[in-house]
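This one's a predicted model, so the numbers in the text were calculated from it and none came from an experiment. Just so it is clear: chains get the letters A, B, ... in the order the sequence lines come, proteins before strands, and each one is counted from 1.
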Protein chains: 2
Amino acid sequence: MPRDSTETRRRLLAAADALFYGDGIRSVGVDAVAQKAGVTKRTLYYHFASKDDLVAAYLDGRDVPTLGRYQELIADSAEPVVQRVRRIFEHLKASAKSPRWRGCSFVRAAAEFAGSPGHPARVAASRHKKRFESWLAELLIAEGTADAASLARQVMILFDGAVTQILIHRDPSYADAAGAAAARLLSMRSAQHEAATSVSPP
Amino acid sequence: MPRDSTETRRRLLAAADALFYGDGIRSVGVDAVAQKAGVTKRTLYYHFASKDDLVAAYLDGRDVPTLGRYQELIADSAEPVVQRVRRIFEHLKASAKSPRWRGCSFVRAAAEFAGSPGHPARVAASRHKKRFESWLAELLIAEGTADAASLARQVMILFDGAVTQILIHRDPSYADAAGAAAARLLSMRSAQHEAATSVSPP
DNA sequence: GTCTATATGCCGATAGAC
DNA sequence: GTCTATCGGCATATAGAC
């Protein structure tokens with residue numbers, strides 16, 4: 001008998017999220033996803049055309065919440081931009097301390113499908129990281145930071161570098177080093193910016 | 001008839017390296033490795049106890065050459081440390097332009113086995129990155145840089161962050177942003193160091 | 001040390017009933 | 001929309017001949 005279709009789909013996605021993020025995409029079969037969702041494989045293939053289709057939905061489902069968590073973190077803050085950016089790295093450090101933390105789902109997907117340039121997972125990963133970098137740039141622009149685009153890119157690199165090192169060494173303290181580097185790059189620029197603007201006032 | 005055993009092993013490792021680095025570890029079967037090496041699966045299992053054993057040998061075989069390439073790159077140079085570090089990122093950018101470049105084998109292995117903390121691939125990845133970071137620290141110490149350990153870690157984070165972003169976006173220019181950030185962090189410190197030391201002379 | 005042949009099980013994906 | 005049953009293929013690993 002037909003149950004609620006959207007509810008079934010939601011449970012399939014929740015199962016896929018837990019299993020793909022926990023153990024990796026290629027190491028998890030569609031059997032396991034269907035079983036965890038409490039349906040048969042045939043039902044999974046009713047809701048998703050292929051495993052790749054399910055993988056794409058899994059990553060798409062992580063895009064907005066992942067970035068959103070960082071956006072909420074510093075939205076309600078009147079702190080200067082240097083402190084806001086430091087909070088991003090503090091949040092990363094705290095997240096990484098969870099025993100269920102397994103790094104960045106998008107980076108890991110791109111790594112797993114490094115040999116398949118056009119794979120939906122690669123497309124989703126690139127799109128998410130571009131959105132993250134653009135958000136950082138807007139953050140710096142709003143603060144009147146000079147060279148915001150370049151600095152946002154450097155902070156993005158520090159962020160993913162820290163995530164990678166934490167995953168490899170299982171040591172969240174790499175977030176401290178990355179946060180300190182980001183703060184130093186930003187305060188250098190801020191200092192230059194202040195120096196440049198403090199010349200003009202009457 | 002028994003051929004040269006070490007030669008057979010070498011060819012198995014060469015085949016494993018090409019296939020694992022090209023397509024990923026989990027997506028390549030031992031059948032494909034044996035076939036590319038020109039032997040049967042049974043011979044592969046004579047030389048390696050398991051696929052995990054072969055994977056560990058694959059990564060161990062990349063440890064020394066990978067770091068060695070960067071060491072040779074700046075060993076014969078009398079440039080200041082800032083320029084030497086920039087050359088690391090320039091080399092990364094040049095490497096990433098090759099169509100066969102697929103990011104860092106150690107990062108990708110750690111990503112594939114993120115759900116298996118004790119896996120041999122994870123151990124090999126952590127060991128390699130520690131060696132890389134230690135080498136960077138020695139480089140800075142030799143130059144008399146203050147806070148060499150912290151800066152080496154930050155350069156390491158920038159390096160792996162750049163590798164990751166390049167892989168995700170297929171855009172080697174991320175190496176420029178990372179190199180510029182590293183140079184700025186180092187020149188800040190160098191400036192402080194010079195300022196601190198230029199006070200003492202008579 | 002290398003071979004042929006095979007054990008055993010999971011892979012993604014599908015047929016057809018209800 | 002969900003089910004039972006199954007397809008053909010490939011996974012890691014092994015038995016036993018030479």
Pair B:R26 + A:E112: basic N to acidic O under 4.0 Å = no
Take the protein atom CG of B:L44 and the nucleotide atom P of C:dC3, then report the distance between them rounded to whole Å.
-> 11 Å
Between A:D31 and the options A:K36, A:K41, A:K51, the salt bridge (Lys or Arg N to Asp or Glu O under 4.0 Å) test singles out A:K41
is_close_aromatic(B:Y58, B:Y21), centroid dist under 6.0 Å = no
Please state how far atom CZ in B:R9 lies from atom P in C:dT2, giving the value in whole angstrom units.
-> 12 Å
OP1, OP2 of D:dT2 versus side-chain N and O of A:T8: anything below 4.0 Å?
-> yes
Ring center gap for A:Y70 and A:F159 short of 6.0 angstrom | yes
Describe the nucleic acid contact of B:V28 in one word from base, sugar-phosphate, nothing, applying a heavy-atom distance below 4.0 Å.
-> sugar-phosphate
Quick one: pull up CG in B:L185 and CG in B:L158 and give me the separation to the nearest 0.5 Å.
-> 6.5 Å
Can you check the B:E7 CD to C:dG1 P distance for me, whole Å?
-> 13 Å
Does B:T40 put a side-chain nitrogen or oxygen below 4.0 Å from OP1 or OP2 of C:dC3?
-> yes
Within 45° cone and under 6.0 Å: B:R62 NZ/CZ vs B:F106 ring | no
Please check if any side-chain donor atom of B:S173 sits under 3.5 Å from a side-chain acceptor atom of B:D176, or the reverse.
-> no
OP1 or OP2 of D:dC3 less than 4.0 angstrom from a side-chain nitrogen or oxygen of A:T43, does that happen here?
-> yes
In numerical order, the residues of residues 45-55 of chain A whose heavy atoms come under 4.0 Å of DNA chain D are A:Y46, A:H47
Can we say A:R84 and A:E143 salt-bridge, meaning some charged N sits less than 4.0 Å from an Asp/Glu carboxylate O?
-> no
Are B:R87 and B:E90 ion-paired here, with the side-chain N under 4.0 Å from a carboxylate O?
-> no
Distance-only polar pair, side chains of A:D160 and B:Q165, donor-acceptor under 3.5 Å | yes
Nearest 0.5 Å, what's the CG-CH2 distance between B:L92 and B:W101?
-> 6.0 Å
Using a heavy-atom distance cut-off of less than 4.0 Å, which residues of residues 12-21 of chain A contact DNA chain C?
-> none
Could I get a table of every N or O pair under 3.5 Å where one atom is in the protein and the other is in nucleotides 5-10 of chain C?
none

